[in-house]
Every structure is written in structure tokens, then in C-alpha cells.
Amino acid sequence: EKLPAGSRAIAIDESRENLGKFHDKLSKRKANVFLRKQALQNHPFGEAVFDLVWGIWAYRHPERLSRTLRTLYPTIKPGGSIICALPLHGSFSALYRFIQEAQDPQQDTSVFATREEFPSIAACQNSVEEAGFIWQSSSQASFHLETDLSQLGHSFLMQGLFNLWSHGSSNITNMFESALKQNDNAKLDISVELGVFSAHKA
């Protein structure tokens, strides 16, 4: 109801499951909101299409933030804006330590060597400016949650992080399940450093 008259909103995600969460809600709304199962790097949009682009792109693939911003740059109209929300450097550190401490010393440790770190706000600003945007502002906040370890393997948090760690490596999954069985604690405190930044196109 808040979209300007004559405008459209288009949601893109590679996961049909993610899009399905919104399908029933949107079916009751006006026909100016569209869902599209699409990889962002293969988007079908031309140049200068959008007034505003908003997304969470750095959660599962933090190393792709610069590439994603460069991909989106041509699709935004001059004067248009881009807003991104993402976990920042330091997020999930207790969870990383929990699995690493339970790791068998004889196991291959390269799975952790390939894990990409989340960026800092300064790194986000560099990516924004390298893509051609003009940095506007940012904010960040810390969130802490206590998680039930017995249910963590089935949580939305771990489903995403499995893909982050070595692209869903079976070694990581097995290591995590072993860590849960060996652990005496029922709870784990997890911290997330969440950042949001905005930029515009000249």
C-alpha cells in the first residue's frame, strides 16, 4: 500500500523455499509486487531500472559483496539508492570457537582456512566506492541470543552458516554434529554484529 502509484517491487532469490515464505502474504495484496526465482548475477534487468535496491547479500557469500554491488550498479537510476544489511566482522565468533575446540586434531583443518570472514563497515565502504556508488551512511548494532544446542543443527542460522563454511562441506556438518554430542552445555551464547549501509548513484 505504501508503494508510489505506478511503481513495482521485485523480489529476487535463488531459493524457491525463501520466496515461498512470502507467496501467501503477497497473494492478498495488489499486483505490483513480484517474486522471481533468479540468481542475482544472472538478473534480466536493463540499465537505469530501479529507484531503490535493498538486500542482504553478504550473509552466505561475504566475499562477493564487491562483485554484487558492481552487478547492481547499472540497474539503478541516476540519483537512486542502494541499502544493504549484513553481519559484520566478529559475528558468530562463539559458534566458530565451539566447533573448532571440538575438532579432532587429526582432521583436515583446511575447512576453516577457507572460511570467509564477514566484512567491517570500512571494508563495505571500500566495496561501495569501488563499485562506483557514493557512500551515504551506516549504522551497526550488536545482538546476543542464547541458543539451544540440541536444536541448533535444524535452525535457520546453521542452515545458512553450513553454506558459508566451505560451501556446505560435509566435514563441517559431521564436525558440528560431533561437537554437539560431546558438549556438556545445553546452551550457547551467540553474538551478531549487524550493519546497515546506504549509498547512492550520482
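Only this structure's heavy atoms are used, side chains among them; waters, hydrogens and symmetry mates stay out.
Linking ILVMFWY side-chain heavy atoms closer than 4.5 Å, directly or via other members, places Ile134 and Phe197 in two distinct hydrophobic clusters. Placement of Leu194 and Ile83 in two distinct hydrophobic clusters is found when ILVMFWY residues are connected by side-chain heavy-atom separations under 4.5 Å, directly or transitively.
The two residues Ile10 and Phe50 come nearest to each other via the heavy atoms CD1-CE2, 4.2 Å. Between Glu14 and Ala39, the closest heavy-atom pair is CG-CA, 3.5 Å. Gln136 and Ser81 get closest at one heavy-atom pair: OE1-OG, 4.1 Å. Residues Ser7 and Asn32 come closest through the heavy atom pair O-CB, 3.5 Å. A pairwise comparison of heavy atoms in Ile121 and Gln140 identifies CG1-OE1, 3.3 Å as the closest pair. Across Lys37 and Arg16, no two heavy atoms sit closer than the pair CD-NH2, 3.2 Å.
Within the 4.5 Å cutoff, no side-chain heavy atoms of Phe118 are placed close to those of Leu86. Counting heavy atoms from C-beta outward, Val53 and Phe45 have side chains that stay 4.5 Å or more apart. Between Gln125 and Ser138, the closest side-chain pair of non-hydrogen atoms is not below 4.5 Å.
Atom CD of Glu130 is separated from atom CG of Leu65 by 10.0 Å, given to the nearest 0.5 angstrom. Taken to the nearest 0.5 Å, the CG atom of Leu19 stands 11.0 Å off from the CZ atom of Arg36. Once rounded to the nearest 0.5 Å, the distance linking OG of Ser91 with CD of Glu193 reads 5.5 Å. Here Lys77 contributes atom NZ and Leu52 contributes atom CG; the two are 11.0 Å apart, rounded to the nearest 0.5 Å.
When the shell of 6.0 Å around NE2 of His200 is examined, it contains more than 12 heavy atoms from other residues, nucleotides or ligands. Within 6.0 Å of the CZ atom in Phe34, the count of heavy atoms belonging to other residues, nucleotides or ligands exceeds 12. Within 6.0 Å of the CD atom in Gln41, the count of heavy atoms belonging to other residues, nucleotides or ligands exceeds 12.
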Check against side-chain contact (heavy atoms from CB on, under 4.5 Å), Trp135 and Val128:
CA-CA 7 Å; Trp135 179 266; Val128 163; 3.8 Å; yes

Please list every donor-acceptor pair under 3.5 Å in which a side-chain atom of residues 69-76 meets a protein atom from a residue at least two apart or in another chain.
residue	atom	partner	partner atom	Å
Thr71	OG1	Arg67	O	2.9
Thr75	OG1	Leu72	O	2.7

